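For reference, the structure discussed in these notes is given below.
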Number of protein chains: 2
Amino acid sequence: MRPREFDHDDVLRIAFDQFWRNGVRGASMSDIARDTGVQRGSLYNAFGSKEALFLQAYERYAGDYLAALQKALGAGSLRKRLTAFFDLTVTNFRSGTPPRGCPTTRGLMELGAAEGEGLDEDARQAFAGLISRITALVQDTLSAGAERGEFNGNPAAAALHIITVTRGLAVLERAFGDEPQLRKIAAHTIDLLLGRTGG
Amino acid sequence: MRPREFDHDDVLRIAFDQFWRNGVRGASMSDIARDTGVQRGSLYNAFGSKEALFLQAYERYAGDYLAALQKALGAGSLRKRLTAFFDLTVTNFRSGTPPRGCPTTRGLMELGAAEGEGLDEDARQAFAGLISRITALVQDTLSAGAERGEFNGNPAAAALHIITVTRGLAVLERAFGDEPQLRKIAAHTIDLLLGRTGG
DNA sequence: CATGTTTTTGACAGCATGTCAAATATCTAC
DNA sequence: GTAGATATTTGACATGCTGTCAAAAACATG
């Protein structure tokens, strides 16, 4: 066999940065080839297609991001946990120069048809999978908070509400790019769920 | 002069349907040419570019949609108004076969760079403009409700919260296509803002 | 009926994804 | 050490996209 001349993980990292900054459709295989120093044909040989390359790169990101969220949700009062969760979310959306937004939300809205039909069903499942896992983390945190008497509502409904707000923040970030506004909305959401005082 | 062989408005309607179903990037000028019966070159002659065609088609849609929202927000108790608002929102996202989702949210997430740089700054402003106008409508409704004693919170903050949730609903619609779930989230949002009982 | 102006039409350039055959470089077996 | 097998690299190609342009066509106006 002839050995590969590039590092698999390096390519995934560099490719994902391209996808994140320019979108899956906006990033071209030529761009990725230029940035990685790997020729376009080699990328196709190694990954099969642009979508397959994206999926691998996305799974890498999803794992890292989920771990960071889990850590943010894991310490302090419920209010502190949720605050850390939203902080990390907004910071993630606003990372990069210029800010890159939310890759999950962007990827989701870039898809072809709706669920069921659609060629990029694999991508949709990857995006939906991360959202579901984040929702589960939040719900667990709320349930634990409820047992400690820090929250008295429906953890499932509240988690769904929170994930909805985070997706909305991703959209407003693209519309207005107003980071203080995003943080105000996040704080307001926590107040709505836990009450304005103490919590 | 030679007269135009097609109806300007017909083309805008048909083109927007293409954009709505397949996204701005996903819909090709060839598709629109086929559906309208107007040759590709004629479309470029009449509208200049795909983005310019989209912008005109989008403004048409935005005007109609805003009028429908205004009507939904204009009658009954505050709770009824907000319920009608969310109903219309979700129904709009789920219209078409297969459901077409939210064209504003999709268009926004399809854009190139973030605010400031980016070539499609005109499109971003069109999307942000509709979102801002909807937010203003909701805020007015909440303010009026507050004067009538139906709401005692901050109308500006609550309106921002509501618009954030609607953007989140647009994203979750693409992720899961679960319409009952969307309606539950909407109802829960109203309960959070107005209180679970009466309102 | 002739002239002028706009629309229409078809061909072209440039860039995208994806495919493929040929060339290349290493590993393995002897 | 050498020869063969095998996977990677490389460049050319097909196809589809946006956008441009010059030539042809069709109507309005004098």
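Note that the structure is a prediction, hence the values are computed from the model and not measured. Residue numbering restarts at 1 for every chain, and letters A, B, ... go by the order of the sequence lines. Note that these values count all heavy atoms, side chains included, but never hydrogens, waters or copies made by symmetry.
- Whole-Å rounding puts the B:F54 CZ to D:dG19 P distance at 14 Å.
- When all heavy atoms of A:A123 and A:L111 are compared, the closest pair comes out as CB-CD2, 3.9 Å.
- DNA chain D contains the following stems of three or more consecutive Watson-Crick or G-U pairs, with both distances under 3.5 Å: C:1-30 with D:1-30.
- No contact: A:F47 has no heavy atom under 4.0 Å from any strand.
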I would like to know whether B:S28 and B:D31 meet side chain to side chain donor-acceptor pair (under 3.5 Å); could you show each step before the answer? CA-CA 5 Å; B:S28 80; B:D31 293 336; 3.2 Å; yes

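- Ring geometry for A:Y58 versus A:F127: interplanar angle over 60°, hence perpendicular rather than tilted (30 to 60°).
- Between the CZ atom of A:F6 and the C1' atom of D:dT10 there is a distance of 14 Å, rounded to whole Å.
- A donor-acceptor pair under 3.5 Å links the side-chain atoms of A:K50 to the main chain of A:A27, judged by distance alone.
- Remark: C1' of C:dT9 and CD of B:E5 are 11 Å apart, rounded to the nearest angstrom.
- In this model, the phosphate group of D:dT10 is approached by a side-chain N or O of A:Q39 to a distance below 4.0 Å at OP1 or OP2.
- You'll find the side chain of A:L160 stays beyond 4.5 Å of the side chain of B:H188, heavy atoms only.
- Residues A:F47 and A:L12 have side chains in contact (heavy-atom distance under 4.5 Å, counting atoms from C-beta outward).
- Per the geometry, CG belonging to A:L43 stands 14 Å off P belonging to D:dG11, to the nearest Å.
- Proximity of B:D17 to B:R100: side-chain heavy atoms (C-beta onward) are separated by under 4.5 Å at one or more points.
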Can you give one letter per nucleotide of nucleotides 12-23 of chain C, 5' to 3': B if a protein heavy atom sits under 4.0 Å from the base, S if only from the sugar-phosphate, - if neither? ----SBBB----

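- Side-chain atoms of B:L88 and B:K71, non-hydrogen and from C-beta on, never get closer than 4.5 Å to each other.
- Rounded to whole Å, the distance from NE2 on B:H8 to P on C:dT7 is 10 Å.
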